[in-house]
Amino acid sequence: MRSLSGAARGPWEREFNAIRGAVRKGVLLVKRQRRMTSDYLGSLAVRNWDKIPGGYVTTIDPAALSEVLRIYHDFCDVASDGSFDRYSRIFRQVFYVAKFNAEVVGYSVYYIKPSITLDGLRKYAVLYSMAVDAKHRRQGIGKQLLTTSIREMQINGINEIVLYVSKKNIPALSLYAKFGFAVIGELPDICEEGESCYEMRVGLPAALA
């Protein structure tokens, strides 16, 4: 009886696993479609983006992407999921690079998320990734990347900036706190699998005309 019961369970288990796999694929597809829709709507917010001229922080150009990825991989062991390439195209105006003598020494990349609230349309910027080349750290580059990008967010009507940072990254936590970011929660597996991260936010006052 046991062997028959086990044999009878086999087809049901295979069918169940097939259904479960199809459901997972469907969920991932829905999430991807939602993300693509959100990215498209966010990209509309940067089409007429006002830039701050001067300084060594500027927007990315195609030739700089490989250097950005090099810095990213030196800083993070997690493989890139292709977002850098996509954001360099659809969110180019908020993909910042710091250059010394034409060399990329740091970057910060954001994406924009519009949201309908009871108070009307609000625009959030999410800091997807930021890093400074190991040879150029402790030179104020991260501070300048944040200064330029936050100021541009403010003058372009962004209401709030959100970021996620590892609880272990004390220098980054200290830097973000200096710019007014506050911890509002803790999330697992965001920065890296098995690692807890803080969610931090800062509200931006409207820029003076």
Side-chain angles (χ1 to χ4, degrees), residues 42 51-52 54-60 64-65 67-81 83-84 87-88 91 93-101 103-113 115 122-208:
K51 301 297 294 182
I52 297 176
Y56 60 85
V57 174
T58 185
T59 49
I60 192 167
L65 185 58
E67 284 300 294
V68 166
L69 289 172
R70 177 188 61 78
I71 294 172
Y72 168 78
H73 288 300
D74 286 346
F75 175 75
C76 183
D77 294 331
V78 180
S80 171
D81 61 358
S83 293
F84 281 94
Y87 292 161
S88 71
F91 291 119
Q93 298 298 331
V94 291
F95 194 137
Y96 301 88
V97 292
K99 290 185 176 182
F100 286 167
N101 299 321
E103 177 189 3
V104 177
V105 295
Y107 71 87
S108 60
V109 52
Y110 298 78
Y111 60 89
I112 308 298
K113 289 182 63 175
S115 178
R122 290 180 63 83
K123 292 183 289 185
Y124 299 84
V126 180
L127 179 55
Y128 174 72
S129 180
M130 185 174 87
V132 175
D133 187 280
K135 302 188 301 293
H136 296 278
R137 290 174 187 166
R138 300 183 182 277
Q139 298 178 26
I141 296 170
K143 180 179 179 180
Q144 190 59 48
L145 282 164
L146 284 174
T147 297
T148 300
S149 60
I150 290 175
R151 179 56 180 155
E152 285 194 2
M153 300 290 173
Q154 185 182 16
I155 66 176
N156 285 280
I158 300 299
N159 301 105
E160 192 172 27
I161 301 177
V162 184
L163 62 84
Y164 303 92
V165 58
S166 170
K167 293 171 59 178
K168 300 176 183 178
N169 194 341
I170 304 302
L173 287 167
S174 176
L175 177 62
Y176 295 141
K178 290 177 181 177
F179 281 84
F181 285 89
V183 175
I184 65 164
E186 184 176 328
L187 297 170
D189 303 327
I190 296 294
C191 301
E192 189 173 341
E193 186 175 353
E195 183 178 341
S196 292
C197 285
Y198 286 132
E199 179 180 356
M200 304 183 75
R201 292 177 179 246
V202 63
L204 301 182
L208 296 176

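Side chains included, hydrogens not; waters and symmetry mates left out as well; all remaining heavy atoms used. Throughout, residue positions are numbered sequentially from 1 according to the sequence presented. In this text, all values refer to a predicted model and were calculated from it rather than measured experimentally.
Atom NZ of Lys168 has 12 or fewer heavy atoms from other residues, nucleotides or ligands within 6.0 Å.
Electrostatic pairing of Asp133 and Arg137 does not count as a salt bridge here, judged by no charged N lying under 4.0 Å from a carboxylate O.
For Glu152 and Tyr96, the side-chain atoms include at least one donor-acceptor pair closer than 3.5 Å. Side-chain atoms of Tyr111 and Ser83 include no donor-acceptor pair closer than 3.5 Å.
One N or O on the side chain of Gln154 and one on the backbone of Pro205 form a donor-acceptor pair closer than 3.5 Å. Between the side chain of Ser149 and the backbone N or O of Leu146, at least one donor-acceptor pair lies under 3.5 Å. A donor-acceptor pair under 3.5 Å links the side-chain atoms of Lys51 to the main chain of Gln93, judged by distance alone.
Here the CG-CD1 distance, from Asn156 to Ile52, works out to 8.5 Å after rounding to the nearest 0.5 Å. Between atom CZ of residue Arg70 and atom CG of residue Leu65 there is a gap of 12.5 Å, rounded to the nearest 0.5 Å. Ile161 contributes atom CD1, which lies 12.5 Å from atom NZ of Lys123 (distance to the nearest 0.5 angstrom). Separating the CZ atom in Arg122 from the CD1 atom in Ile158 is a distance of 10.5 Å, to the nearest 0.5 Å.
Shown here for Gly106 and Ile71, the closest heavy-atom pair between the two residues is N-CD1, 3.9 Å. Taking all atoms of both residues into account, the shortest heavy-atom contact from Ile112 to Ala125 is CD1-CB, 3.8 Å. Listed here is the closest heavy atom pair of Gly140 and Tyr56: O-OH, 3.9 Å. Ser166 and Leu173 get closest at one heavy-atom pair: O-CD1, 3.9 Å. Here the shortest heavy-atom pairing between Gly142 and Val132 reads N-CG2, 3.8 Å. Residue Val202 comes nearest to Gly180 through the heavy atom pair CG2-O, 3.6 Å, listed as atom of the first residue, atom of the second, then distance.
Two rings, from Tyr110 and Tyr128, have their centers 6.0 Å or more apart.
Counting only heavy atoms from C-beta outward, the side chains of Phe179 and Ile150 approach each other to under 4.5 Å. Side-chain atoms of Glu103 and Lys135, non-hydrogen and from C-beta on, do get closer than 4.5 Å to each other. Looking at Lys167 and Glu186, their side chains come closer than 4.5 Å, going by heavy atoms from C-beta outward.
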Report task. Any chance you could lay out the side-chain contact (heavy atoms from CB on, under 4.5 Å) test for Gln139 and Gln144, step after step, and finish with the verdict? Result -> CA-CA 10 Å; Gln139 298 178 26; Gln144 190 59 48; over 6 Å; no
Query - Verdict with supporting geometry, Val109 and Phe84, side-chain contact (heavy atoms from CB on, under 4.5 Å) - result: CA-CA 8 Å; Val109 52; Phe84 281 94; 4.0 Å; yes
Requested in this report: Show your reasoning for whether side-chain contact (heavy atoms from CB on, under 4.5 Å) applies to Val165 and Met200.
Outcome: CA-CA 8 Å; Val165 58; Met200 304 183 75; 3.7 Å; yes
Query raised in the report: Could you go step by step and tell me if Glu199 and Val183 meet the side-chain contact (heavy atoms from CB on, under 4.5 Å) rule?
Result: CA-CA 6 Å; Glu199 179 180 356; Val183 175; over 6 Å; no
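Taking the side chain to side chain contact (heavy atoms under 4.5 Å, CB included) definition, one finds that Lys178 meets it with Ser174, sequence neighbours left out.
Classified by interplanar angle (parallel below 30°, tilted 30° to 60°, perpendicular above 60°), the ring pair Tyr107/Phe95 is tilted.
Only one option out of Tyr198, Tyr176, Tyr164 pairs with Phe181 in a ring-ring contact (aromatic ring centres under 6.0 Å, His included); it is Tyr176.
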